Colleague: 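Here's a structure for you.
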Amino acid sequence: MFTGIIESIGIVSEIKKESSNLHITISSVLTPELKIDQSVAHNGVCLTVVEIKDKTYTVTAIKETLEKTNVGNWKVGDKINLERAMLLGSRLDGHIVQGHVDQVGYCTQISESNGSWYFTFEYNADLNNITIEKGSITVNGVSLTVVNSKKNEFSVAIIPYTYEHTNFHTFSVGTQINLEFDLIGKYISRIVSLRN
């Protein structure tokens, strides 16, 4: 489990394909604190550390992960949002994040507003995921509050700290992002679909 509060940005330093899997090596200041078999959220995707070497570590993404997330589009040099699993007994500063991406979405608009930014994202509503106005959403692993919730679209407001300390500053119109919808929203969506 995670909180959606990003600890650091990692840099993709190597990608190796093996059968249907991708072995991704990340350079990060967190590396000295990691252990083999530890779970780390990468742009919101929970991946297991399989190797540690010097200042880098490696994780493996399987076919299922590649099909449901933006991991398959990563390139050497890409900036990745990183968060280690939450500690029981610590403050939950974001919201409960599982690290299980529901689907991808796309950035459709970016606007600056007095030093902050509004990002608008579109997603396929046919998968029965929903956002709730003022509810929580995880975008590339970042815990955020939904504004302007619509059937297949929502926006988030990004403060300067989040903009600089996550990979939001690399986004442009068309950027593909990972989405994990709030557990409460998933529950409501399931009830509505069962009633229909």
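Model, not experiment: these values are computed from the prediction. Position 1 is the first residue of the sequence; numbering continues from there. Scope of the values below: all heavy atoms of this structure, side chains included, with no hydrogens, waters or symmetry mates.
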Colleague: Quick one: are I132 and V146 in side-chain contact, heavy atoms under 4.5 Å?
Modeller: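 Not touching, per the 4.5 Å side-chain cut-off.
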Colleague: Can you tell me how far CD1 of I24 sits from OG1 of T60, rounded to the nearest 0.5 angstrom?
Modeller: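 The CD1 atom of I24 is 8.0 Å from OG1 of T60, to the nearest 0.5 Å.
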Colleague: What residues form a side chain to side chain contact (heavy atoms under 4.5 Å, CB included) with N148, not counting sequence neighbours?
Modeller: S155
Colleague: Under the side-chain hydrogen bond (donor to acceptor under 3.5 Å, both in side chains) definition, can you give me all pairs with a residue in residues 28-41, not counting sequence neighbours?
Modeller: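 Passing the test, one end in residues 28-41: E33-R84.
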Colleague: Is it true that Q103 and N124 share a donor-acceptor pair across their side chains at a distance under 3.5 Å?
Modeller: no
Colleague: Rounded to the nearest 0.5 Å, what separation is found between the OG1 atom of T56 and the CD1 atom of I11?
Modeller: 13.0 Å
Colleague: Kindly state each residue pair satisfying side-chain hydrogen bond (donor to acceptor under 3.5 Å, both in side chains) with at least one member in residues 11-22, sequence neighbours excluded.
Modeller: E18-H23
Colleague: Which residues satisfy the side-chain hydrogen bond (donor to acceptor under 3.5 Å, both in side chains) test with T58, sequence neighbours excluded?
Modeller: T25
Colleague: Any chance you could measure N167, atom CG, to T162, atom OG1, to the nearest 0.5 Å?
Modeller: 11.5 Å
Colleague: Quick one: hydrophobic cluster around Y118, which other residues, with the 4.5 Å side-chain cut-off, linked directly or via members?
Modeller: V147
Colleague: Just one of D102, V139, N140 clears the side-chain contact (heavy atoms from CB on, under 4.5 Å) bar with L179, so which one?
Modeller: V139
Colleague: Can you name the closest pair of heavy atoms from S8 and V29 and give their distance?
Modeller: OG-CG2, 3.5 Å
Colleague: Locate the shortest heavy-atom distance separating A125 from K151; write the atom from each residue and the value.
Modeller: CB-O, 3.5 Å
Colleague: Would N178 and V104 satisfy side chain to side chain contact (heavy atoms under 4.5 Å, CB included), going step by step from the backbone distance to the final call?
Modeller: CA-CA 5 Å; N178 293 324; V104 296; 3.9 Å; yes
Colleague: Any idea which heavy atoms bring Y106 and Q176 closest together, and the distance?
Modeller: OH-NE2, 2.9 Å
Colleague: What's the separation between atom CD1 in I6 and atom CG in N81, rounded to the nearest 0.5 Å?
Modeller: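 Here the interatomic distance stands at 4.5 Å.
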Colleague: Please enumerate all residues that pass side-chain hydrogen bond (donor to acceptor under 3.5 Å, both in side chains) together with K68, with sequence neighbours excluded.
Modeller: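 K68 satisfies side-chain hydrogen bond (donor to acceptor under 3.5 Å, both in side chains) with E64 once adjacent residues are dropped.
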Colleague: Excluding sequence neighbours, so at least two apart, what forms salt bridge (charged side-chain N to carboxylate O under 4.0 Å, His left out) with K55?
Modeller: none
Colleague: Donor-acceptor pair, distance only, cut-off 3.5 Å: does the side chain of T131 make one with the backbone of S149?
Modeller: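 Not at all, since once roles are kept as given, no pair shorter than 3.5 Å links the two residues.
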Colleague: With ring centroids as reference points, do F181 and Y123 lie under 6.0 angstrom apart?
Modeller: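 Centroid separation for F181 and Y123: below 6.0 Å.
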Colleague: Please work out whether the ring planes of Y163 and F119 are parallel, tilted or perpendicular, with thresholds of 30° and 60°.
Modeller: tilted
Colleague: Tell me the ring pair (Phe, Tyr, Trp, His ring centres under 6.0 Å) pairs involving residues 25-52, sequence neighbours left out?
Modeller: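 Pairs touching residues 25-52 that pass the test: H42-Y57.
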Colleague: Could I get the full list of salt bridge (charged side-chain N to carboxylate O under 4.0 Å, His left out) partners for K75, not counting sequence neighbours?
Modeller: D78
Colleague: Could you go through the side chain to side chain contact (heavy atoms under 4.5 Å, CB included) check for V59 and V40 one step at a time?
Modeller: CA-CA 9 Å; V59 294; V40 179; 5.8 Å; no
Colleague: With a 4.5 Å heavy-atom cut-off, do T65 and V45 have their side chains touching?
Modeller: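 Touching, per the 4.5 Å side-chain cut-off.
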Colleague: Could you see if I36 belongs to whatever hydrophobic cluster contains L30? Use Ile, Leu, Val, Met, Phe, Trp, Tyr and a side-chain cutoff under 4.5 Å.
Modeller: yes
Colleague: Yes or no on side chain to side chain contact (heavy atoms under 4.5 Å, CB included) for V12 and I26, after CA distance, side-chain angles and deciding distance?
Modeller: CA-CA 5 Å; V12 177; I26 306 286; 3.9 Å; yes
Colleague: Does the side chain of F2 reach to within under 4.5 Å of the side chain of M86, using non-hydrogen atoms?
Modeller: no
Colleague: Closest approach of L34 and V49, non-hydrogen atoms and distance?
Modeller: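 Distance-wise, the nearest heavy atoms are CD1-CG2, 4.2 Å.
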Colleague: Tell me, please, which residues at least two apart from E153 pass salt bridge (charged side-chain N to carboxylate O under 4.0 Å, His left out).
Modeller: K150
Colleague: Starting at CD1 of I177, measure out to CZ of F168 and round the result to the nearest 0.5 Å.
Modeller: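 One finds 7.5 Å between CD1 of I177 and CZ of F168.
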Colleague: Could you pull out all residues at least two apart from W74 that satisfy side-chain hydrogen bond (donor to acceptor under 3.5 Å, both in side chains)?
Modeller: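 For W74, the residues satisfying side-chain hydrogen bond (donor to acceptor under 3.5 Å, both in side chains) (neighbours in sequence not counted) are N70.
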Colleague: Would you compute the distance between atom CZ of F171 and atom OG1 of T166 and round it to the nearest 0.5 angstrom?
Modeller: 6.5 Å
Colleague: Please lay out, stage by stage, how V101 and T138 fare under the test side chain to side chain contact (heavy atoms under 4.5 Å, CB included).
Modeller: CA-CA 9 Å; V101 171; T138 307; over 6 Å; no
Colleague: Is E7 reaching over with its side chain to a backbone N or O of E83, donor-acceptor style, under 3.5 angstrom?
Modeller: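 Side chain of E7 to backbone of E83: no pair is present.
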Colleague: Which atoms form the tightest heavy-atom contact between L22 and G72, and what is the distance?
Modeller: CD1-CA, 4.2 Å
Colleague: Taking transitive links into account, so neighbours of neighbours count too, which hydrophobic residues share a cluster with I62 at under 4.5 Å side-chain distance?
Modeller: none
Colleague: Looking only at non-hydrogen atoms, find the nearest pair between F121 and C107 and report the distance.
Modeller: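 Result for this residue pair: CD2-CA, 3.6 Å.
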